[in-house]
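Scroll down for the structure; my scribbles are underneath it.
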Amino acid sequence: MKRERSDWAHLIRLGGLLVLGLVAFVFIRPLFIPEGFGVYGHYRAGAILDGRDHPLEYAGRADCEMCHSDVVDLQEERQSSHRRLSCEGCHGPLAAHAAAPDDVRPVLPDITPACVTCHEKSAGRPPLVPQVEVRDHSGGEACSSCHVAHTPGMF
Amino acid sequence: MDVPRRQFLVESGRWLMLTGVAACAYEAMLAGQPVDAEYEMSDHWWGMLIDVDKCIGCGLCVKACKEENNVPDSPYYFNTWVERYRVQLADREHPLVDSPNGGADGFPALEESDDERVFFVPKLCNHCIDSPCTQVCPVGATFRSPDGVVLVDEKYCIGCRYCIQACPYGCRYLDPRTHTAKKCTLCYHRIVKGLTTACCEVCPTGARQLFDLKNPGDPIHAYLREHPVQVLKPQLATGSKLYYANLDGTVR
């Protein structure tokens, strides 16, 4: 028995639709995937680079030492217990000053709060740093009356 | 067209193999493209060592981190923070933990007591190898980079907060300015330039040490040979690379 065309025409239409859909999928899908997605994993590879442009705030002690060798020399000479400390721990973030020394002038830190940050006596503080009960120790006097921050022994 | 079965199998096998090889080569070519000539990601594997016995709770790390990474200054947003543990000798299961303003302004002075042990625990992102936070992200906006740093793609994050819930260490928050997830980047912008992180830079006692396990010259190797270290919540098998030395078992 000969089959009529109308018996299977609907299958061709269906198959055609499927093929069309597949082709559309293949062409449209990349438009929704950001560049670099999947290069290293399920994320945009460019995202790794994005964060690298974040500006520096802390220059690091090595940068400070390039100009402020007088402090370094003094600390080495007196074997100061502060000679390995980060300058910016007390002086604050100064990458801007390191980049443009004359344009950005740092402000001297308030000395007593800076000292108290590490040297106030409190339970749980390991005895790595000398600790005093500041109120009894100084009676309200600024730490700098007796101590020099860069070489913190007595005068 | 009359193709013998043997020839058909040989031919199709050949084509299958060739397409496979071509696809692999293409993948390798893409992966091999250096993104930065001076910094090769495959040469690094970053983590951090924290010696609890050296932390004096000064909070300089918290302040430095906020400055360096532009973390919202109002309370409760921290990339790193310091907790003070007071473990009661009679009840070790319930340590008293405080962290006023994340420890950024130090801690209120505390009298020594014979009944408790007090110590400070700095915390930050653990930069897990198999981190739960990256696995739950529905859009692939957070990931562990090939050099072992867990980062957030700010342009792609939809702010659904799923990762914030997933992090077992509480290290993520939603930035109220951008409405995207934020976290410690291990100062990625610094370490790729050869600098240490801001928190490690200012730490006065060396309680925090950035390390690179793929750098044979890193002192971490000698340290790990001679000292036991722990990670937080090891039972979760997150592959944390935040190693703690002298950690008390009460720390969660």
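Sequence lines set the chain letters: A, B, ... in the order given, protein chains first and strands last, and positions in each chain run from 1.
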Between atom [atom1] of [X] and atom [atom2] of [Y], what is the distance when rounded to the nearest 0.5 Å?
X      : Y      : atom1 : atom2 : result
B/Y188 : A/D50  : OH    : CG    : 11.5 Å
A/S122 : B/E111 : OG    : CD    : 9.0 Å
B/C200 : A/Y58  : SG    : OH    : 13.0 Å
B/N69  : A/E57  : CG    : CD    : 9.0 Å
A/F37  : B/D153 : CZ    : CG    : 8.5 Å
B/T196 : A/R61  : OG1   : CZ    : 14.5 Å

Heavy-atom closest pair, residues [X] and [Y]:
X      : Y      : result
A/Y43  : B/P146 : OH-CD, 3.5 Å
B/Y156 : A/P34  : OH-CD, 3.2 Å
A/K121 : B/A109 : O-CB, 3.8 Å

Could you look at [X] and say if it's the side chain, the backbone, both or neither that has a heavy atom under 4.5 Å from chain A?
X      : result
B/T185 : neither
B/K193 : side chain
B/L195 : side chain
B/C55  : backbone

What part of [X] gets within 4.5 angstrom of chain B, counting heavy atoms only: side chain, backbone, both, or neither?
X      : answer
A/V116 : neither
A/A62  : neither
A/P127 : neither
A/P126 : both
A/L128 : side chain

Can you confirm whether A/H54 sits close enough to B/R190 that some side-chain heavy atom of one is under 4.5 Å from a side-chain heavy atom of the other?
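A/H54 does not reach B/R190 side chain to side chain.
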
Beyond-backbone contact of B/H189 with A/L56, side-chain heavy atoms, under 4.5 angstrom:
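Yes. Closest side-chain heavy atoms under 4.5 Å.
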
Would you find more than 12 non-hydrogen atoms of other residues, nucleotides or ligands less than 6.0 Å from A/R29 atom CZ?
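Check fails, neighbour count at 12 or below.
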
B/Y223, OH atom: more than 12 neighbouring heavy atoms under 6.0 Å
yes

Among residues 72-91 of chain A, residues within the sub-4.5 Å heavy-atom range of chain B, in order of number, are A/L85, A/S86, A/E88, A/G89

If only atom types and distance count, is the side chain of A/R125 paired as donor or acceptor with the main-chain N or O of B/I56 below 3.5 Å?
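The answer is yes, because a donor-acceptor pair under 3.5 Å joins these two groups.
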
Is the backbone of A/P93 close enough, under 3.5 Å, to the side chain of B/E68 for a donor and an acceptor to pair up by distance?
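No: the side chain of B/E68 does not pair with the backbone of A/P93.
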
Look at B/R117, B/E67, B/R84, B/E154 and state which one has the largest set of heavy-atom pairs under 4.5 Å with chain A.
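When all of B/R117, B/E67, B/R84, B/E154 are compared, B/E67 has the most.
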
Which residue out of B/C203, B/G57, B/A64 racks up the most heavy-atom pairs below 4.5 Å with chain A?
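Looking at each option in turn, the highest pair count goes to B/A64.
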
Sort by residue number and list every residue of residues 132-145 of chain B having at least one heavy atom under 4.5 Å from chain A.
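Residues B/V139, B/G140, B/F143, B/R144, B/S145 are the ones that qualify, each having a heavy atom under 4.5 Å from chain A.
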
